[in-house]
Amino acid sequence: MNVEAIKRSLDGSGLRRTPQRYAVMAFLMECNRHPTAAEIFQAVNRLDPRSSRATTYNNLRDLVQAGLVREVAVEGRAARFDAKGMRHHHFICDRCGNVEDMEWYDVPRPASGSLGKRVLRECELIFRGLCMKCAPRRASG
């Protein structure tokens with residue numbers, strides 16, 4: 001995503017475009033993995049040492065609430081973050097905690113009335129198991 005696209009996405013979300021928020025979005029758009037908030041802070045802080053940990057974490061929260069960033073919960077480990085670009089599901093390794101993108105396919109919506117008065121925004125799958133690196137070690141470990 002280029003500079004203008006990031007600016008448009010921030011403007012379209014209703015969030016104020018700050019240098020720190022832009023830096024978080026730019027890092028996530030360029031990142032080919034799913035970093036933790038601490039890793040995002042370290043990367044942004046290397047570029048702009050004036051950016052505080054609290055500002056980075058608050059920007060992540062705001063970007064998640066605005067729907068520009070997805071928070072991927074990893075049980076027993078720090079949450080991981082992913083800029084919403086192409087739609088995709090996730091695979092989380094039980095052993096190493098690695099989060100991988102999985103090809104998107106539509107998930108059937110729950111039956112009418114099964115959610116009560118809840119309003120469904122989207123359905124996403126999270127696959128859990130052993131990643132390709134950890135699966136071969138299962139037999140030996």
Side-chain angles (χ1 to χ4, degrees), residues 1-139 141:
M1 184 178 268
N2 65 29
V3 172
E4 287 306 313
I6 293 172
K7 289 178 181 178
R8 279 194 308 274
S9 68
L10 288 172
D11 292 343
S13 72
L15 293 174
R16 215 164 45 96
R17 192 186 333 150
T18 65
Q20 294 87 354
R21 192 169 284 146
Y22 176 87
V24 168
M25 269 306 286
F27 174 75
L28 283 170
M29 294 306 298
E30 292 173 8
C31 195
N32 60 357
R33 55 188 182 78
H34 300 80
T36 63
E39 291 168 337
I40 295 166
F41 166 70
Q42 290 169 354
V44 169
N45 193 260
R46 276 193 294 274
L47 297 174
D48 183 2
R50 297 171 298 164
S51 185
S52 72
R53 185 177 305 271
T55 298
T56 301
Y57 285 45
N58 289 338
N59 281 324
L60 278 170
R61 182 201 61 223
D62 294 344
L63 291 166
V64 167
Q65 288 175 349
L68 297 175
V69 169
R70 184 178 342 182
E71 182 175 0
V72 182
V74 181
E75 293 171 8
R77 298 174 190 256
R80 306 253 173 194
F81 294 88
D82 187 14
K84 282 194 172 179
M86 299 268 301
R87 293 174 83 184
H88 58 275
H89 299 292
H90 290 104
F91 183 97
I92 301 173
C93 181
D94 293 335
R95 181 173 285 156
C96 70
N98 188 42
V99 178
E100 300 173 20
D101 292 344
M102 300 292 293
E103 183 178 340
W104 178 264
Y105 59 90
D106 289 329
V107 177
R109 297 233 174 224
S112 178
S114 67
L115 296 176
K117 294 186 184 275
R118 294 175 187 90
V119 177
L120 183 64
R121 181 173 39 84
E122 72 178 345
C123 296
E124 172 191 343
L125 291 180
I126 296 181
F127 299 90
R128 296 181 189 277
L130 296 176
C131 69
M132 289 187 272
K133 290 179 189 170
C134 293
R137 293 195 330 215
R138 183 177 184 195

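Basis for what follows: all heavy atoms, side chains included, without hydrogens, waters or symmetry-related copies.
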Identify the heavy atoms of [X] and [Y] that sit nearest to each other, and give their distance.
X    : Y    : result
S51  : F41  : O-CE1, 3.4 Å
P35  : I40  : CG-CG1, 3.7 Å
G97  : V74  : O-CG1, 4.3 Å
A79  : E71  : CB-OE2, 3.4 Å
S114 : A111 : OG-O, 2.8 Å

Would a 4.5 Å heavy-atom cut-off, applied to side chains only, mark [X] and [Y] as touching?
X    : Y    : result
Y105 : L125 : yes
L28  : L60  : yes
E39  : R33  : yes
P110 : C123 : yes
K133 : R95  : no

Would you give the length of the straight line joining atom [atom1] of [X] to atom [atom2] of [Y], rounded to the nearest 0.5 angstrom?
X    : Y    : atom1 : atom2 : value
M29  : L68  : CE    : CG    : 9.5 Å
E103 : R87  : CD    : CZ    : 13.0 Å
H34  : E100 : NE2   : CD    : 9.0 Å
Q42  : F27  : CD    : CZ    : 9.5 Å
I92  : C131 : CD1   : SG    : 12.0 Å
N58  : L63  : CG    : CG    : 11.0 Å

**Q.** Polar side-chain atom of R118 near backbone of L115 as donor-acceptor pair, under 3.5 Å
**A.**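 Side chain of R118 to backbone of L115: a pair is present.
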Q: May I have the step-by-step check of side chain to side chain contact (heavy atoms under 4.5 Å, CB included) for D82 and D101, ending in yes or no?
A: CA-CA 10 Å; D82 187 14; D101 292 344; 4.1 Å; yes
Q | Aromatic ring pairing F91/F127, orientation class (parallel under 30°, perpendicular over 60°, tilted between) | A |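 Aromatic pair F91/F127 classed parallel.
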Q: Tell me, with the steps shown, if R17 and M25 meet side chain to side chain contact (heavy atoms under 4.5 Å, CB included).
A: CA-CA 11 Å; R17 192 186 333 150; M25 269 306 286; over 6 Å; no
Q. Do R21 and L15 pass the side chain to side chain contact (heavy atoms under 4.5 Å, CB included) test, and can you show the C-alpha distance, the side-chain angles, and the key distance before you say yes or no?
A. CA-CA 9 Å; R21 192 169 284 146; L15 293 174; 3.7 Å; yes
Q: Apply side chain to side chain contact (heavy atoms under 4.5 Å, CB included) to the pair H89 and W104, showing each step before the final yes or no.
A: CA-CA 6 Å; H89 299 292; W104 178 264; 3.3 Å; yes
